[in-house]
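Everything on this sheet refers to the single structure shown next.
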Number of protein chains: 2
Amino acid sequence: MRGEPLDAERIVSATEEVLRRHGPEKSTVLDVARLLGVSHGSVYRHFPSKAALREAVIRRWLDGVREDFAAAVQDSALAPPDRLRGLLTTMFAMKWAKAREDPELFATFRVLAAEHSTVSSGHVAFLLAQIGAIVVDGIASGDFAAGEPDVIARAILNATSRFHDPTHAEEWHSPEIEAESADVISLILDGIRAR
Amino acid sequence: MRGEPLDAERIVSATEEVLRRHGPEKSTVLDVARLLGVSHGSVYRHFPSKAALREAVIRRWLDGVREDFAAAVQDSALAPPDRLRGLLTTMFAMKWAKAREDPELFATFRVLAAEHSTVSSGHVAFLLAQIGAIVVDGIASGDFAAGEPDVIARAILNATSRFHDPTHAEEWHSPEIEAESADVISLILDGIRAR
DNA sequence: GAGATGACAGATGTCGATATTTGTCATCCA
DNA sequence: TGGATGACAAATATCGACATCTGTCATCTC
């Protein structure tokens with residue numbers, strides 16, 4: 001750990017590791033400094049506060065999520081309705097997988113996301129844009145009824161919050177969650193389809 | 001308070017009052033006994049545990065909510081789509097009003113409801129039945145497309161969780177919540193409408 | 001004797017004294 | 001001279017002694 005130059009990137013990685021080990025309550029910047037083999041004063045040279053450091057962690061984490069997500073929903077040749085179904089299904093499945101494979105870590109990031117709502121709402125904006133783009137295509141192709149794409153995209157995200165909002169993470173353990181999400185997605189697709 | 005016979009009903013009322021004053025964390029059965037002017041041993045003659053007492057409170061509270069709700073959505077002469085819109089709008093408005101007019105008390109009942117999930121799921125079953133009845137009518141009248149009423153009712157409740165699930169109570173302060181709920185309701189109505 | 005009481009043990013909560021952490025900064029050093 | 005250090009004050013957290021609460025039950029009262 002020692003030797004290499006100390007930059008923001010390494011500090012963020014160390015912070016992530018400390019959060020992973022100790023959770024959000026018990027993580028201190030002293031822990032981060034110890035892990036890096038430096039004094040805590042050095043950490044404060046790169047980040048103005050503990051809050052800023054945590055924000056950098058959640059920002060980087062969400063950047064990664066967006067990257068994974070974009071890769072998983074490469075725009076296929078499918079028609080907009082199927083693309084939308086695929087996007088939502090993938091989005092839910094990715095969240096559920098993360099929440100289930102490491103609930104502690106997921107809870108940790110949930111705390112950080114709540115602390116830094118600015119970063120979270122940026123993430124929501126990204127999801128809205130992804131959905132909105134498909135809605136625009138669908139309206140253009142005549143698959144979807146005419147309407148305001150932004151309003152429709154928001155309604156879709158709102159109607160599926162139980163399946164993607166981390167607030168509902170506990171409910172994602174239910175074996176019925178997959179069937180229930182499929183039913184809601186079908187309901188939505190019927191709702192926006194052209195008549 | 002003294003003098004009258006001590007029955008379960010009076011104990012539940014006193015408990016509600018104590019919860020209202022002190023909140024769920026600080027409420028003790030000693031407080032309840034004090035308010036009633038009896039010893040705490042007497043309370044334990046009527047309820048086997050503090051948990052059972054709290055459960056009785058949340059049960060009675062939800063009974064009241066159902067009564068108010070049933071009164072507010074008296075089946076009108078409207079067609080099923082309008083009845084469904086009215087039911088959902090009323091349901092959300094009632095919750096929002098309660099959460100806003102006394103957030104502390106609402107939070108208290110939220111804690112109790114979470115503690116006693118059996119009671120809560122009974123409440124959900126009631127809501128599902130209300131929605132399901134309208135769906136059945138709508139399918140019969142030809143307003144709604146054919147389908148499994150139970151599945152459809154659950155999908156409707158799931159798609160609107162952001163607007164009725166107390167987990168989202170903080171978000172209900174947003175001025176956009178009303179417009180967003182209206183958009184989701186319209187999306188749902190379009191989704192179940194016969195083609 | 002049906003119902004209320006209060007003493008009691010064990011569990012849980014409170015509170016102040018003590019220790020740790022956050023954030024700053026004068027100093028050091030390569 | 002840019003970057004790291006650790007002493008420091010103020011804010012937070014931890015801990016154990018003490019107080020309160022939960023649930024039981026032998027006893028009392030009407």
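Throughout, a chain's letter reflects where its sequence line sits, starting with A, and its residues are numbered from 1.
- Here the P atom of nucleotide D:dT12 and the NZ atom of A:Lys50 are 11 Å apart, to the nearest Å.
- Between the side chains of A:His123 and A:Arg66, at least one donor-acceptor pair of N or O atoms lies under 3.5 Å.
- Going from atom CZ of B:Phe47 over to atom C1' of D:dT22 covers 16 Å, rounded to whole Å.
- Distance alone, capped at 3.5 Å, places no donor-acceptor pair between the B:Arg154 side chain and the B:Pro149 backbone.
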Using a cut-off of 4.0 Å between protein heavy atoms and nucleotide atoms, how would you tag nucleotides 24-30 of chain C 5' to 3' with B, S and -? B------

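- Aromatic pair B:His168/A:His168: centroids less than 6.0 angstrom apart.
- Side chain of A:Arg20 to backbone of A:Thr108: no donor-acceptor contact under 3.5 angstrom is found.
- The backbone N or O of A:Leu157 sits nowhere less than 3.5 Å from a side-chain atom of A:Ser161 that would complete a donor-acceptor pair.
- In this structure, CG of B:Asp31 is placed 19 Å from P of D:dA19, rounded to the nearest angstrom.
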Would you mind building the protein contact string for nucleotides 12-20 of chain C? One character per nucleotide, 5' to 3', B for base within reach (heavy atoms under 4.0 Å), S for sugar-phosphate only, - for untouched. --S------

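- Residues A:Asp7 and A:Arg10 are not paired through a salt bridge, judged by the lack of any N-O separation under 4.0 Å between the basic side chain and the carboxylate.
- The listed nucleotides are D:dG23, C:dT5, C:dG23; the one nearest the side chain of A:Ser49 is C:dG23.
- A side-chain N or O of B:Thr28 and one of B:Asp31 form a donor-acceptor pair less than 3.5 Å apart.
- If you take CG of A:Leu6 and C1' of D:dG2, they are 13 Å apart, rounded to a whole angstrom.
- Rounded to whole Å, the distance from CG on B:Leu36 to C1' on C:dG3 is 15 Å.
- Salt bridge present: A:Arg60 and A:Glu16 bring a charged side-chain N and a carboxylate O closer than 4.0 Å.
- The CG-C1' distance, from A:Leu53 to C:dT22, rounds to 12 Å in whole Å.
- As rounded to whole Å, 14 Å separates atom P of D:dG2 from atom NE2 of A:His46.
- For the pair B:Lys98 and B:Trp61, the cation-pi test (distance below 6.0 Å, angle within 45°) is passed.
- Note on A:Ser42: a side-chain N or O is less than 4.0 Å away from OP1 or OP2 of D:dT5.
- Atom CG in A:Asp7 sits roughly 13 Å away from atom C1' in D:dG3 (whole-Å rounding).
- Across D:dG23, C:dG23, C:dT5, the shortest atom-to-atom separation from the side chain of B:Ser39 is found for C:dT5.
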